[in-house]
Amino acid sequence: MVSAYVRNGHFSEAVKCVYEMLSIPDVRPDHYTFPPVLKACNSILDGTRLHCWISKLGFDWDVFVSASLVHMYCRFGFSCMGHKIFKAMPFRDMGCWNSVISGFCQNGNAKDALSILDEMRLEGVKMDSVTVATILPICALMNDILNGMLIHLYVIKHGLESGVFVSNALINMYAKFGKLACAQRIFDNMEVRDLVSWNSIVAAYEQNDCPHNALGFFHQMTLDKFHPDLLTLVSLSSSIAQTKDCLGGKSVHGYIIRRCWITKDIVIGNAVVDMYAKLGIIEYAREVFEELPRKDLISWNTIIGGYAQNGFASEATEVYKIMKECDNLTPNEGTWVCILPAYAHLGALRDGMRIHGHVLKKGINLDVFVATCLIDLYGKCGMLSETLSLFHEVPKDTSVPWNAMISFHGLHGHGGTSLKLFTDMLDEGVKPDKVTFLSLLSACSHSGLVDQGKWCFDMMQQMYGIKPTLQHYGCMVDLYGRAGLLDKAYNIIESMPMRPDSSIWGALLGACRIHGNVEMGKMASSRVFGLDSEDAGYYVLLSNIYANFGRWEGVDEVRSLARDKGLRKTPGWSSIELNNTIEVFYTGNQSHPQWKQIHKELAIVNAKIKGIGYIPDYSFVLQDVEDDEKENILNSHSERLAIVYGILNTHPKASIRIYKNLRVCGDCHNVTKFISKLTEREIVVRDSNRFHHFKDGYCSCGDYW
DNA sequence: ATAGGGTTAG
């Protein structure tokens with residue numbers, strides 16, 4: 001009865017049952033009673049209470065029971081207590097050794113687990129298959145490939161290969177090392193496979209970005225008459241998320257609902273939230289999140305990260321605020337890593353710095369991921385010295401912080417510095433990954449470094465065996481396209497092994513705009529509109545191409561096309577930070593308290609810059625209206641409102657910093673150049689693509705906004 | 001009926 005409760009996760013019922021048992025005079029608990037209950041208890045409080053009973057009843061001299069006690073204490077991180085009981089044991093069988101090692105492992109306490117292993121060796125106790133199965137996950141955790149392989153050799157030498165536990169653990173370890181072939185070989189050689197074996201091989205492919213293979217093995221496993229369990233579905237959700245298969249995602253969710261698994265385990269609920277977030281169906285992610293029977297830290301981190309990665313930065317910060325109201329939750333490194341990119345996106349330097357404060361207060365070693373997010377934050381807010389000093393502090397043995405620095409310099413148009421960092425990184429023996437090359441390619445394209453970009457693209461594939469993703473191809477199209485090599489850009493698209501999406505054709509379209517190629521522009525835009533007819537930005541590009549050639553009938557055509565499609569415009573906003581608060585301006589937003597003043601100043605500035613040569617470019621207006629109305633529409637663009645607000649509220653020569661969620665409008669780009677000349681101010685605009693430094697009527701990016 | 005597999009994050 002007790003273990004029946006434990007099996008179903010009803011810990012308190014199990015304890016009640018033990019209580020009841022004690023009240024019956026003729027029935028005495030035996031040494032089988034306590035271990036399952038100890039295993040099931042989920043707090044140190046319950047554990048110590050059980051320990052008191054056990055001592056009172058005189059069971060703490062039982063090897064069986066004390067091994068479970070040791071396991072429990074180590075599991076909750078009370079390794080001293082665990083060790084003390086372990087030391088006091090009069091006799092230790094294999095179970096005891098394994099139990100204590102496992103306790104440390106479940107707490108992620110690799111050092112203590114390994115020291116017990118040394119102790120074992122000193123006493124001449126040989127590892128059995130359970131020891132091996134327990135210690136292999138630790139090798140995986142510490143990325144200790146050498147020891148992992150030594151243990152694998154030990155397994156072969158002592159004939160432990162046939163154990164299902166051992167093989168499963170080996171599959172998992174090799175999967176974490178990214179050695180899929182090794183994992184596959186172990187799986188293939190297994191004579192007997194259980195559900196864990198199948199789950200492990202599915203997870204192996206899922207975790208190494210091979211979702212299609214993962215789904216294939218899932219299919220095979222059902223053919224082999226294995227019934228998927230909760231853990232199978234966790235891997236399945238993640239695989240589906242990677243394949244971007246929205247329909248599949250919904251059916252996986254349906255399967256989970258029918259089995260009522262969301263209420264059974266928090267992990268699967270989190271996995272579903274993450275799946276919907278990765279599929280870009282953020283509304284569903286939020287719905288599932290709201291309906292979770294219990295939310296843990298990972299649930300919150302997942303939804304915050306989901307919003308941030310789908311470009312809903314302010315929603316991410318809203319959820320983070322709600323999260324902070326919950327008393328039983330303490331944000332951790334994972335939380336910072338989710339929320340910091342949102343702050344970076346918004347240009348919310350103050351909020352980001354507050355997080356930096358929390359991180360410092362925690363005082364532990366600077367986590368590479370958190371530090372990298374901070375580098376990214378300061379970089380995106382243009383704080384050069386903070387960026388550099390953090391990079392100086394952070395451990396640089398992985399590509400992670402290097403990638404952030406490469407991308408930072410790329411954003412500012414310093415492609416040469418990015419390349420220098422890349423060679424420095426290689427000199428230090430750090431292995432580049434796909435993010436490194438993405439940052440590099442983007443840096444090269446922003447700085448017009450065509451040959452260097454090509455060099456990186458080739459090196460990535462030939463020397464590091466990294467297959468280019470859609471984003472890498474997008475950078476290459478951009479690289480050639482910006483440089484005017486439109487045919488080469490087109491050839492890149494032709495050579496792609498996957499279907500180009502709208503961002504790829506959009507990059508070509510952008511290049512056609514810069515270099516005035518109407519024919520290819522028409523072709524590219526027809527491909528874009530076939531794939532993603534909703535983004536207004538692409539219509540603006542085409543309209544601008546026609547306008548530059550004076551082909552006004554083309555401009556009209558694009559306008560009517562846009563009107564017929566009923567475009568969803570991503571609401572554009574620009575923000576500016578003044579006196580520690582962020583002001584956000586939306587396009588055409590008239591509700592600002594200083595609206596009248598802004599509007600008046602805008603008219604004055606407009607008249608002045610027209611006097612020094614500014615001519616409005618109406619091809620950036622998609623609405624089919626009279627010219628003076630077009631001018632009003634241009635004037636309502638959020639970046640202008642923010643700049644004028646900055647002029648009104650800062651000292652005459654102070655520099656102005658603006659953050660934007662979309663790309664800067666071409667006409668606004670031109671206006672800003674004139675304003676920088678007129679006011680003799682430095683104006684820095686960070687848009688979704690890069691930094692623009694305006695000074696004396698020029699921009700750091702030339703005309704290729 | 002002591003000891004093995006899972007979710008977030010640049």
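In what follows, chains carry the letters A, B, and so on, assigned in the order in which the sequence lines appear, proteins first and then strands, with residues in each chain numbered from 1.
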Exercise for review: Say whether, by atom type as modelled, one donor and one acceptor occur between the side chain of A:Arg686 and the main chain of A:His345 under 3.5 angstrom.
Suggested key: yes
Can you identify which nucleotide, out of [options], has its nearest atom closest to the [X] side chain?
X	options	result
A:Asn199	B:dA9, B:dT2, B:dG5	B:dG5
A:Thr372	B:dG10, B:dT8, B:dA3	B:dG10
A:Phe64	B:dT7, B:dT2, B:dA3	B:dT2
A:Phe165	B:dG5, B:dG4, B:dG10	B:dG4
A:Val267	B:dT7, B:dG4, B:dT8	B:dT7
A:Asn168	B:dT8, B:dG4, B:dT2	B:dG4
A:Asn270	B:dG4, B:dT7, B:dG10	B:dT7
A:Lys278	B:dA9, B:dG10, B:dG5	B:dA9
A:Val234	B:dT2, B:dG6, B:dG10	B:dG6

Practice item. List the steps and the verdict of side-chain contact (heavy atoms from CB on, under 4.5 Å) for A:Asn147 and A:Met142. Key: CA-CA 10 Å; A:Asn147 265 315; A:Met142 307 208 313; over 6 Å; no
Would you mind classifying the nucleic acid contact of [X] as base, sugar-phosphate or nothing, using non-hydrogen atoms under 4.0 angstrom?
X	result
A:Lys434	nothing
A:Gly95	base
A:Ala169	nothing
A:Asp62	nothing
A:Asn332	nothing
A:Ser197	nothing
A:Ile375	nothing
A:Gln207	sugar-phosphate
A:Ser102	sugar-phosphate
A:Asn403	base

Rounded to whole Å, please give me the gap between [atom1] in [X] and [atom2] in [N].
X	N	atom1	atom2	answer
A:Asp274	B:dT7	CG	P	10 Å
A:Phe59	B:dA1	CZ	P	19 Å
A:Trp336	B:dG10	CH2	C1'	17 Å
A:Trp198	B:dG4	CH2	P	24 Å
A:Asp128	B:dT2	CG	P	14 Å
A:Glu161	B:dG4	CD	C1'	18 Å
A:Lys176	B:dT7	NZ	C1'	12 Å
A:Lys396	B:dG10	NZ	P	20 Å

Review point. A:Gln106 side chain N/O closer than 4.0 Å to the phosphate oxygens (OP1, OP2) of B:dA3?
Key: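 Checking A:Gln106 against B:dA3: no side-chain N or O falls below 4.0 Å of OP1 or OP2.
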Identify whether the distance between the nearest side-chain nitrogen and carboxylate oxygen of [X] and [Y] falls below 4.0 Å.
X	Y	result
A:Asp367	A:Lys362	no
A:Arg92	A:Glu123	yes
A:Asp188	A:Arg185	no

Review point. On a plain distance test, is the side chain of A:Asp265 in donor-acceptor contact with the base of B:dG6 below 3.5 Å?
Key: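 Indeed, a donor on one side and an acceptor on the other fall under 3.5 Å apart.
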Practice item. Go through the side-chain N and O atoms of A:Thr48 and A:His51 and say whether any donor and acceptor fall under 3.5 Å apart. Key: no
**Study point:** Geometric class of the A:Phe437/A:Phe422 ring pair [parallel <30°, tilted 30-60°, perpendicular >60°]
**Key:** perpendicular
